[in-house]
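None of these values were measured; they are calculated from a predicted model.
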Amino acid sequence: MSQNPSKRLLFLFLCSHFLFILLVSEALDTITTDKSIREGDTVVSAGGIYELGFFSPGNSKNRYVGIWYKQISPRTVVWVANRDIPLDDTSGVLTLKPNGILVLVDNFNVSIWSSKSSRSLKNPKARILDSGNLVVNDGNERDLEINFAWQSFDYPGNTLLPGMRLGRNLVTGMDWYTSSWKSSDDPAPGEYINRLDTHGYPQLFVLKKSSIVSSSGIWNGIAFSVSPNSKPNTHYTFKFIINQQEISYHYKLKNESLPSRMVLNPEGVIEHLTWIERNQSWFLYLTVQLDNCDRFALCGPYASCNINNSPPCDCLQGFKPRDPQQSAADWSSGCVRRTSLDCNKDDFLKLTGIKMPDSRNSWYNEIINLEECEKLCLADCNCTAYSNLDVRNGGSGCIQWFGELIDIRELSQNEQNLFVRVSASEKGTKRRRKRSVLIGVISAVVATFILSILAWFSFQRRTECILTGLEVENEDMELPLFDLVTVTSATENFSSANVIGEGGFGPVYKGILPNGQELAVKRLSKHSGQGFQELKNEIVLISKLQHRNLVKLLGFCLEGEERMLIYEFMPNASLDYFIFDPSRKASLAWKERFEIAMGISRGLLYLHQDSRLRIIHRDLKTSNILLDSDMNAKISDFGLAKIFGGDEVEGKTNRVIGTYGYMSPEYAVDGKYSVKSDVFSIGVIILEIVSGRKNRKFHHLEHHHNLLGHAWLLWTEGKALELIDEHIKESFSESQVLRCIQVGLLCVQKLPDDRPTMASVVFWLGNEGLVLPQPKKPGFFIERNTTESVESTDEGYVSNSMSITILGPR
């Protein structure tokens, strides 16, 4: 059957016209390997919204590659490629290499900026999308706008566009944050950044260098509690994500026809701007920092800020000013409790209409309800406050704070209530307060007099200690000094009957004060392998650390030749006391073992990320995990710990001190230590908790591997459950045990970069149903010499480059 020639011609014409439109459209928004961008050239997104090319900002004559709104004048730039290294002429060329890397070169063909690709591409194309995102992918792939090899949205400048993220990709480690321009003429990174802080429950911080300027408050299921008089949200849809892939925040537009952007300006202020077509200008829809009360922690601990009051700062109910003489202009010292706490006898005061406190030192659970949250907080003497996480549908979830509560302000509207731990007697203080004003004034005078005497006495004693050559700086002494008479009496003159342990530091004694309080006294031995530097290290570090999974240092004694540390008493000794003893391990069921593993992990996460200092423990082992009366795990012994500065990620020493079997390969062999060294140690501990066997003294009839090697063999053979201690076979949870074994093996991988961070460890252990990475071969995966006794003690050895001292269990 013949076809009408005219119809055939019409069909061919339409096809060719459609193909032409596609080619022209691609040419407008796409960069290919044979199409570079030079001065005067641009690419425009398919909808004509965004344009990419060369530009000069403000009055500057430097040239940059950037993205701006196509239809908005004056030019509004939303992203800059070479913001650190400008071109000083118009010779720049932006090229897409055959491997999929975008490269900007100058007149001498020197690369001054390039993109980073996660994979090599066969037919790469770079395209600017109508979202403002510049993406690179393989042109043969159908989903070009989904599967990117590289995207500009991963590298924000000063602008957050709808769909961009602030936060962290937990899979790739990518951090998404905005940074201000130096000025309107210079897009180089300025003094301020806006970053999602993932320590504790996440919150957004604006930082000036390393100092926090302002905080968003926590996410309540709908929004961050930022400002007291926020306008009704008719323009944006906010979203906060916490899952195994990422922790992030982003927003979308309810009306996508209105161009909008969130900008961190050079003064550190976050502005939400919307383009108003009829006015041909940007309208300030919302700014995050409204007034002085938005300054981070302006009023200090346990105080709130109300901009309508003068002075704006006031103590929370149940608290009083730390310094009664403090000026109205400086409340940084904050407030303290009126009445001391008594743990299980405490109560909670409900505070309404406030911004939730700084959440870096917090714990959260999205499942348990507010009643369970209260019970958990009350049972933990270190828990200072709690609240629900999500205000929707009557409230759900639980968040608990530990340590001082800071950065609180009063809000006109906030559905989240804060329950602050106070002495039970504070519940009725409002009625009694009027009658006790005069008594309070007299008490303040007397207290001031007494404190002055105590301060003078403390100063004299510290001065005496310094004069004896102990060289402990005053600012490091944040704990009380115990006199020798008190400690001697408490320990019955250091009776051998009161010895409860022996470590590298020296003997540990149980002591009881006249008020009945139990103590653990570590007394430096004259023959100790550790000296005063380690003692001072513990004082300085632990006095600055506050966490429920760290042992609490109550004070110290430096008198004459005596050097002692005074700790809270742990009635259940240490973890190794239970899991390696045949007669005691049966008393430690799987539930308790899992909670101990979680507790150690949370404590180590706090040391690595959440504390004021970044601490590398360096001697984490089962004998340094103490157990309180409720079998809660507490990390102890910080004599070998190291403090890392903000930019430090690794240290090195010529004197390696630790315990063989727990030390990572890079530390034992090369003296290199980092947070990943501690991760290796906790991996060993987790596998020891599961198996009830000690890593170095492990012995098997069929091979000569240590516990790590044995666990690896079982895992690769699909027999991981054979690793578990026979004493927990009646109580274990199969999914939890398998997850612990897998996490433990991930932690003990040979290369530090392969090991997870403690944030991932805590997240993986605490969440069911996650797909975890497959572990690689562990470090120290070597066969033991068959002639070596499996009962051999830990021993020292010397390498070619350094002396390495291995201390035995303490």
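A salt bridge is defined here as a Lys NZ or Arg NE, NH1 or NH2 lying under 4.0 Å from an Asp or Glu carboxylate O, and K122 with D138 fails to meet this definition. Using a cut-off of 4.0 Å between Lys/Arg side-chain N and Asp/Glu carboxylate O, R739 and E734 are scored as not salt-bridged. D725 has a carboxylate O that lies under 4.0 Å from a charged side-chain N of R593, or vice versa, which qualifies the two as a salt bridge. Using a 4.0 Å cut-off between a side-chain N of Lys or Arg and a carboxylate O of Asp or Glu, R165 and E246 qualify as a salt bridge.
For Y177, the OH atom is loosely surrounded, since the number of other residues' heavy atoms within 6.0 Å does not exceed 12. A 6.0 Å sphere centred on NZ of K776 holds no more than 12 heavy atoms belonging to other residues, nucleotides or ligands.
Under the 6.0 Å distance and 45° angle rule, R614 does not count as a cation-pi partner of F644. In this structure, R360 is not positioned above the aromatic face of W401 in the sense of NZ or CZ being under 6.0 Å from the six-membered ring centre and within 45° of the axis. Cation-pi geometry between R584 and Y577 is satisfied (NZ or CZ under 6.0 Å from the ring centre, within 45° of the ring normal).
Between Y249 and F240, the gap from one ring centroid to the other reaches at least 6.0 Å. In this structure, W590 has its ring center no closer than 6.0 Å to that of F732.
Under the 4.5 Å side-chain criterion, counting only non-hydrogen atoms from C-beta, L196 is not in contact with F205. Between S248 and W176 the shortest side-chain heavy-atom distance falls below 4.5 Å. Counting heavy atoms from C-beta on, the side chains of V103 and W113 never come closer than 4.5 Å. Annotation: side chain of K672 is not in contact with side chain of S664 (no heavy-atom distance under 4.5 Å).
How far CG of L207 is from OG of S179: 12.0 Å, rounded to the nearest 0.5 Å.
No donor-acceptor contact under 3.5 angstrom links the side chains of N361 and H547, judged on distance only. Remark: the S216 side chain and the Q203 side chain contain no N/O donor-acceptor pair separated by less than 3.5 Å. Using modelled atom types, one finds a donor on one side chain and an acceptor on the other under 3.5 Å when comparing T622 with Y662.
Q742 and Q774 get closest at one heavy-atom pair: NE2-NE2, 3.7 Å. Counting all heavy atoms, side chain and backbone alike, T33 lies closest to P124 at CG2-CG, 3.8 Å. Taking all atoms of both residues into account, the shortest heavy-atom contact from S601 to V761 is OG-CG1, 3.9 Å. Shortest non-hydrogen contact noted between V551 and L626 is CG2-CD1, 4.2 Å. The minimum heavy-atom distance between W712 and K777, with the atom names listed, is CH2-N, 3.6 Å.
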